[in-house]
Novice: 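Got a structure here, written out as structure tokens. Questions coming.
All ligand and atom numbering here is 1-based and tracks the order in the structure. As the structure is a computational prediction, the values presented were derived from the model and not from experiment.
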Amino acid sequence: MFASEVASPYSINEATAFLRRFPQAVPAAACTRLIIDPAFSKRPITILSLSNIKELQAISRTDRFLDIGACVSMTRIINLPNISSLEPLKKTLLTIGSASIRNRASLGGNICSPDSFGSAFPMLSCMEASVELRSGNQSRWLRIHELVSEAGRPALPKGSFLTRLRLPIRDWEFSCIVRKGNSILPGEHGTCFAALANIEKNAISELRIAVAGTIQVRSRDLEMNLNGKKLPLAAKDIENSRHQFMETAIEAGLAPSIAISSADTVRAFLQNLSGESA
Ligand SMILES: Cc1cc2nc3c(=O)[nH]c(=O)nc-3n(C[C@H](O)[C@H](O)[C@H](O)COP(=O)(O)OP(=O)(O)OC[C@H]3O[C@@H](n4cnc5c(N)ncnc54)[C@H](O)[C@@H]3O)c2cc1C
């Protein structure tokens, strides 16, 4: 990597001032992903290092939300005590890299690559996270789904950086994270499957399922179809759901073999929810 210009500001205001001068600057957090990205070894880039900005290391909570600064490391999140609503995210982060990578790697860096989704993305999508973005001139909140283009690819607005991630505080009775394939990141050779569900009066009261590969797929129609269904689910309902997810994934553009394998994971999750062994 050849950096033509580097800034390492100590405040968000200094960072936005730098972005106004260099709108093409690439934000960098711990660089555990930037250094393995071949795109960055080929051309000179201007770097906006965010790692010295204290506000981006902050964690705060209210009754309804948990706010996590973009540069908070995965290990810090994994070690946060007494927040049961964080368990699905912690489980997800534990699948990423090694302990030494997680000690450095930031949650923001996992969400923000322009080329492919990080492994935490589908779970954050299921958790309905929101993100705060800063550009040279403004600050705004977006739902995490708004960082996915219509074609299902990462779509972080250019000329901005992520400052905070906001998670609703709510518990999930069932959570599931399954990584398939042998690649570090979700993509052509690997997927990351995430699902969350709650059960009330022996029926599914809420269900969310997302898979990230080359694109991210979330089938809201399937989620709606299954909401309110009594457990255990009938074998026919499980097979129909598997089929519906597979069709949605293929239509969205996932390779057929990956779509089939993701649909199999949907089936296994629903079987588990129904108390059957997968
Ligand atoms: C051995 C190894 C194993 C790994 N395993 C996994 C894995 O299993 N799953 C996985 O998802 N990743 C994996 N990674 C990649 C990487 O560690 C993670 O994606 C990590 O979360 C990136 O965080 P970072 O702080 O290092 O981001 P950086 O490398 O600094 O940045 C990553 C990307 O996000 C952008 N960016 C960073 N912060 C911001 C911000 N605040 N606002 C806007 N853009 C920003 C950068 O421009 C860049 O495009 C692995 C890496 C290594 C070296």
Side-chain angles (χ1 to χ4, degrees), residues 1 3 6-9 12 15-16 18-19 22-41 43 45-58 67-78 89 91-125 129 131-136 139-140 142 144 147 153-165 177-187 189-194 212-214 216:
M1 185 190 305
V6 181
S8 196
I12 289 180
T16 53
F18 185 77
L19 260 193
F22 298 99
Q24 303 303 328
V26 175
C31 290
T32 61
R33 177 152 179 189
L34 273 177
I35 48 161
I36 55 170
D37 191 334
F40 290 107
S41 56
R43 56 188 168 89
I45 55 173
T46 299
I47 292 182
L48 170 60
S49 168
L50 302 170
S51 54
N52 285 332
I53 303 178
K54 268 216 177 105
E55 295 122 292
L56 304 188
Q57 302 282 354
D67 280 3
I68 301 176
C71 290
V72 170
S73 74
M74 297 186 174
T75 300
R76 254 184 89 199
I77 298 170
I78 291 165
L89 180 60
K91 212 153 93 173
T92 305
L93 297 184
L94 280 167
T95 72
I96 294 176
S98 57
S100 57
I101 292 288
R102 294 192 294 271
N103 283 344
R104 293 178 49 79
S106 68
L107 188 59
N110 200 263
I111 298 169
C112 288
S113 173
D115 306 313
S116 64
F117 292 105
S119 305
F121 205 98
M123 184 55 85
L124 291 169
S125 172
V131 292
E132 185 189 44
L133 293 177
R134 289 293 290 261
S135 64
S139 154
R140 60 186 166 140
L142 297 179
I144 197 159
L147 302 186
R153 301 203 177 257
L156 188 77
K158 290 213 181 322
S160 59
F161 63 94
L162 190 146
T163 50
R164 275 187 289 175
L165 179 106
I177 182 90
V178 178
R179 294 191 55 179
K180 288 188 177 177
N182 53 9
S183 59
I184 285 181
L185 298 163
H189 304 292
T191 52
C192 188
F193 170 94
T214 43
Q216 166 151 298

Novice: Does the side chain of Ser51 pick up a donor-acceptor pair with the side chain of Arg104 at under 3.5 Å?
Specialist: no

Novice: Can you tell me if Met74 contacts ligand 1 (heavy atom of the residue under 4.0 Å from the ligand)?
Specialist: yes

Novice: Checking Ser73 against Thr75: is there a side-chain donor and acceptor pair closer than 3.5 Å?
Specialist: no

Novice: Please could you name the atoms of ligand 1 that Phe161 approaches to less than 4.0 Å, counting only its heavy atoms?
Specialist: 42 (N), 43 (C)

Novice: Measuring only between side-chain heavy atoms, which start at C-beta, is Ile45 closer than 4.5 Å to Gln24?
Specialist: no

Novice: With no hydrogens and no angle check, is any side-chain donor or acceptor of Thr163 less than 3.5 Å from a backbone partner on Glu132?
Specialist: yes

Novice: Pull out every atom of ligand 1 sitting under 4.0 Å from any heavy atom of Val26, numbered as shown with elements.
Specialist: 47 (O)

Novice: Any N/O of Ala29 closer than 3.5 Å to an N/O of ligand 1?
Specialist: yes

Novice: If only atom types and distance count, is the side chain of Arg102 paired as donor or acceptor with the main-chain N or O of Gly97 below 3.5 Å?
Specialist: yes

Novice: Is the closest N or O pair between Leu162 and ligand 1 shorter than 3.5 Å?
Specialist: yes

Novice: To which of Ala15, Gly109, Ala105 does the heavy atom nearest atom 33 (C) of ligand 1 belong?
Specialist: Gly109

Novice: Give the atoms of ligand 1, by number and element, whose distance to some non-hydrogen atom of Pro114 is under 4.0 Å.
Specialist: 49 (O)

Novice: For ligand 1, which atoms, with element, lie under 4.0 Å from some heavy atom of Ser106?
Specialist: 21 (O), 23 (O), 24 (P), 25 (O)

Novice: Okay, side chain of Ser125, backbone of Phe121: is any donor-acceptor separation there less than 3.5 Å?
Specialist: no

Novice: Of Ser116, Gly97, Ser49, Ala70, which has the heavy atom at the shortest distance from atom 3 (C) of ligand 1?
Specialist: Gly97

Novice: Under 4.5 Å between any side-chain heavy atoms of Phe161 and Leu156, yes or no?
Specialist: no

Novice: Using heavy-atom distances, let me know which of Ile47, Leu93, Ile101 sits nearest atom 1 (C) of ligand 1.
Specialist: Ile101

Novice: Any N/O of Leu34 closer than 3.5 Å to an N/O of ligand 1?
Specialist: yes

Novice: Mind checking whether Ser160 has an N or O less than 3.5 Å away from an N or O of ligand 1?
Specialist: no

Novice: Considering distance alone, does some N or O of Arg179 sit under 3.5 Å from an N or O of ligand 1?
Specialist: yes

Novice: Below 3.5 Å, N or O to N or O, backbone or side chain included: is there any such pair between Ala28 and ligand 1?
Specialist: no

Novice: Are any of the side-chain heavy atoms of Leu147 and Pro157 separated by less than 4.5 Å?
Specialist: yes

Novice: Does the side chain of Arg33 reach to within under 4.5 Å of the side chain of Cys112, using non-hydrogen atoms?
Specialist: no

Novice: With a 4.5 Å heavy-atom cut-off, do Leu185 and Asp115 have their side chains touching?
Specialist: no

Novice: Where does Leu185 meet ligand 1, judged by heavy-atom distances below 4.0 Å: at the side chain, the backbone, both, or neither?
Specialist: side chain

Novice: Could you check whether any side-chain heavy atom of Val72 comes within less than 4.5 Å of a side-chain heavy atom of Leu165, counting everything from C-beta outward?
Specialist: no

Novice: Between ligand 1 and Pro27, is the shortest N or O to N or O distance under 3.5 Å?
Specialist: yes

Novice: Nearest non-hydrogen contact with atom 16 (C) of ligand 1 belongs to which option: Leu107, Thr32, Leu165?
Specialist: Thr32

Novice: Within the 4.0 Å heavy-atom shell around Ser119, which atoms of ligand 1 are there?
Specialist: 7 (C), 8 (O), 9 (N), 10 (C), 11 (O)

Novice: Could you tell me whether some N/O pair between Ile184 and ligand 1 is separated by less than 3.5 angstrom?
Specialist: yes

Novice: For ligand 1, find out whether one of its N or O atoms is nearer than 3.5 Å to an N or O atom of Ala30.
Specialist: yes

Novice: Is a donor on one side and an acceptor on the other found under 3.5 Å between the side chain of Arg179 and the backbone of Ile184?
Specialist: yes

Novice: Show which atoms of ligand 1 fall inside a sub-4.0 Å distance from at least one heavy-atom site of Gly118.
Specialist: 11 (O)

Novice: So, taking the atom named CD1 in Ile68 and the one named CG in Leu89, what distance separates them when rounded to the nearest 0.5 Å?
Specialist: 6.0 Å

